[in-house]
Amino acid sequence: MNSRLDLSFVVSYRHQIFFTENAFAFKNNILKELVGVAKVLPIIDAGLVATSPTMVSDLMEYAKVNQIKLTRAPMILTGGEECKKDQSVVNAVLAAIEEDAICRHSYVLVIGGGALLDAVGFASSIAHRGVRLIRMPSTTLSQADAGVGVKNGINTFRKKNFTGTFTPPYAVINDFAFLKSLSPKNLRDGLVEAVKVALLKDPEFFKSLEKDSRELAAGNLSLISECIRRSAELHALHITKGGDPFELGSARPLDLGHWVAHKCETLSNYRLSHGEAVAIGLAVDVLCARELGLFSKSESERVIDLLVRLGFQLYTAELEMNHGDSLMQGLEEFREHLGGQLTLILPTAIGQSTNVHKLSCDVVKKVTAELSHRFLSSCAALS
Ligand SMILES: NC(=O)c1ccc[n+]([C@@H]2O[C@H](COP(=O)([O-])OP(=O)(O)OC[C@H]3O[C@@H](n4cnc5c(N)ncnc54)[C@H](O)[C@@H]3O)[C@@H](O)[C@H]2O)c1
Ligand SMILES: [Zn+2]
């Protein structure tokens, strides 16, 4: 006799994101109040330590003064896409969690760029089926987007983020002081996720990015911090109020430009950073939307102009690799990743968007040829 139990349950999450400057100043009580008397395994991005040599001692002194129980001197792990390329960083973190007896009421504290947050987040989410993770993102992109989300993962089978989980962090601390040591390129990278989310959701924010583009491109840290704050807020609101935090449906309302970005990152063997690739992906998607008659020419030019003024290059040879077939393979991979029907988000106006379920190879090739032409013309104008 067949029978069935069909039950449902709700798990509620809290998503805490703090914004501060100098989290390790002795009197800054954010971290201290979060961890209390529990054990903390500290992990720092080697790229951050290389440019901010006092980072390790700052954390250790802060912990000493505030009686935080660090389980060891901070582990310093290679950051950047390198740390997502295989299991080695994940295994090192798992081993440390086991060795230091980090339980489900202790914390892993990770300070670093989006790549290290993704790898350490993945390890933390599978150890004991999930230990508490506090993220301290240290790049513009991770403070504006990657670090405030609920995803983590590493790259496997030559696919971005193929292995990973949806696991909300215990808390996120965005410390704007970390941004001081970023290279101009890494400082710029995060602005692209702000452009993306503003274009999709917030016309006023988009206008303010246009107004401030010159100072943002010049690295004005106070404007960049404000831009991160709004971008992080829009991303977090989408996750907490958008109705599909763990992406169970086929729509990806914030993934504008990302099918192109992920494919170009992989095809370039990660020579292109995520931010650089997203800028190119935005240009492709925006021009595709124009070609499909969804988005006006004048608004598509506003987006392209803004990206150029922020200093992004909007063409890479990977777009036309194998006559564009490699890029089109990225569209199929995106469909496979979503499951079911292909669903791409495309802009219909600044602040508005729609889902489309088809994008022809001809349209994509026309647009990439246009971007190539624009790029060559801009090079010629410079020489
Ligand atoms: N989980 C998500 O929702 C999500 C969202 C967007 C992007 N991502 C991922 O984030 C990654 C990109 O992150 P990113 O842009 O932060 O770059 P990144 O993590 O690759 O870091 C770039 C470089 O900056 C160094 N670095 C980090 N902080 C520094 C600092 N303060 N000063 C000097 N150097 C510093 C790193 O060591 C690295 O060499 C990609 O792997 C992307 O897939 C994840
Ligand atoms: Zn992104």
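Indexing begins at 1, ligand by ligand and atom by atom, following the structure's order.
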Discussion item. Any donor-acceptor pair under 3.5 Å linking the side-chain atoms of Thr20 with those of Asn28?
Written reply: yes
Discussion item. Taking 4.0 angstrom as the limit and counting only heavy atoms of Gly114, give me the atoms of ligand 1 inside it, by number and element.
Written reply: 10 (O), 11 (C), 13 (O), 14 (P), 16 (O), 19 (O)
Fill in: Nearest-neighbour protein heavy atom for atom 34 (N) of ligand 1, which is reported as residue plus atom name and distance
Gly47 O, 3.6 Å
Worksheet entry | salt_bridge(Glu301, Arg374) N-O dist < 4.0 Å | yes
Worksheet item: Do Thr165 and Asn152 have side-chain atoms, one donor and one acceptor, less than 3.5 Å apart?
Response: yes
Worksheet entry | For Ser181, the ligand 1 atoms whose distance to one of its heavy atoms is below 4.0 Å | 30 (C), 31 (N), 32 (N), 33 (C)
Worksheet item: Of all the non-hydrogen atoms in the protein, which one sits nearest to atom 11 (C) of ligand 1, and at what distance?
Response: Ala115 N, 3.4 Å
Worksheet item: Just which atoms of ligand 1 are under 4.0 Å from any heavy atom in Glu81?
Response: 20 (O), 40 (C), 41 (O)
Discussion item. Looking only at distances, can you tell me whether any N or O atom of Glu193, backbone or side chain, sits closer than 3.5 Å to an N or O atom of ligand 1?
Written reply: no
Worksheet item: Counting from 1, what ligand 1 atoms have a heavy atom of Thr139 closer than 4.0 Å?
Response: 14 (P), 16 (O), 27 (C), 28 (N)
Fill in: Rounded to 10 degrees, the angle NE2 of His258 makes with NE2 of His274 at the Zn ion (ligand 2)
110°
Item to complete: Identify the protein heavy atom lying closest to atom 20 (O) of ligand 1, giving its residue, its atom name and the separation to 0.1 Å.
Response: Gly80 CA, 3.2 Å
Worksheet item: Salt bridge or not for Glu265 and Lys160, using N-O below 4.0 Å?
Response: yes
Discussion item. Between Glu318 and Thr316, do the side chains contain a donor N or O and an acceptor N or O under 3.5 Å apart?
Written reply: yes
Discussion item. Side chain, backbone, both or neither: which applies to Leu141 and ligand 1 if a contact is any heavy-atom pair less than 4.0 Å apart?
Written reply: side chain
Worksheet item: Of the protein's non-hydrogen atoms, which lies at the shortest distance from atom 29 (C) of ligand 1, and what is that distance?
Response: Leu182 CD2, 3.6 Å
Discussion item. Test of understanding: given a 4.0 Å heavy-atom threshold, classify the contact between Val150 and ligand 1 as side chain, backbone, both, or neither.
Written reply: neither
Practice prompt. Please determine if Phe178 has a nitrogen or oxygen closer than 3.5 Å to a nitrogen or oxygen of ligand 1.
Written response: yes
Worksheet entry | Phe178 and Phe24 aromatic ring geometry - parallel, tilted or perpendicular at 30°/60° bounds | tilted
Item to complete: Could you tell me whether the side chains of Asp86 and Ser88 share a donor-acceptor contact shorter than 3.5 Å?
Response: yes
Discussion item. Check Arg72 with Asp100, please: is the shortest side-chain N to carboxylate O separation under 4.0 Å?
Written reply: yes
Worksheet item: Looking only at protein heavy atoms, which one is nearest to atom 24 (O) of ligand 1, and how far off is it?
Response: Asn186 ND2, 3.3 Å
Practice prompt. State the atoms of ligand 1, each with its element, that fall below the 4.0 Å cut-off from a heavy-atom position in Gly113.
Written response: 16 (O), 19 (O), 27 (C)
Practice prompt. Using distance alone, with no hydrogens and no angle criterion, decide if Gln87 and Asn91 have a side-chain donor and acceptor under 3.5 Å apart.
Written response: no
Worksheet entry | Contact atoms of ligand 1, heavy-atom distance to Asp45 under 4.0 Å | 27 (C), 36 (C), 37 (O)
Worksheet item: Would you say Glu193 has an N, O or S atom lying under 2.8 Å from the Zn ion (ligand 2)?
Response: yes
Worksheet, complete the sentence: atom 44 (C) of ligand 1: closest protein heavy atom, distance to 0.1 Å, is Asp118 OD2, 3.2 Å
Fill in: For Leu48, the ligand 1 atoms whose distance to one of its heavy atoms is below 4.0 Å
30 (C), 31 (N)
Worksheet item: Which ligand 1 atoms are under 4.0 Å away from a heavy-atom of Lys151?
Response: 1 (N), 3 (O)
Discussion item. Can you classify the ring geometry of Phe166 versus Phe246 as parallel (below 30°), tilted (30 to 60°) or perpendicular (above 60°)?
Written reply: tilted
Discussion item. Give me the residue, atom name and distance of the protein heavy atom closest to atom 6 (C) of ligand 1.
Written reply: Ala146 CB, 3.6 Å
Response to the item:
When distances are taken from atom 42 (C) of ligand 1, the protein heavy atom at minimum range is Lys160 NZ, 3.5 Å
Discussion item. Donor-acceptor check, side chain of Lys85 to backbone of Asn155, threshold 3.5 angstrom: yes or no?
Written reply: no
Fill in: Residues Lys207, Glu210: salt bridge by 4.0 Å N-O rule
no
Worksheet item: Between the side chains of Ser213 and Arg309, does any donor sit under 3.5 Å from an acceptor?
Response: yes
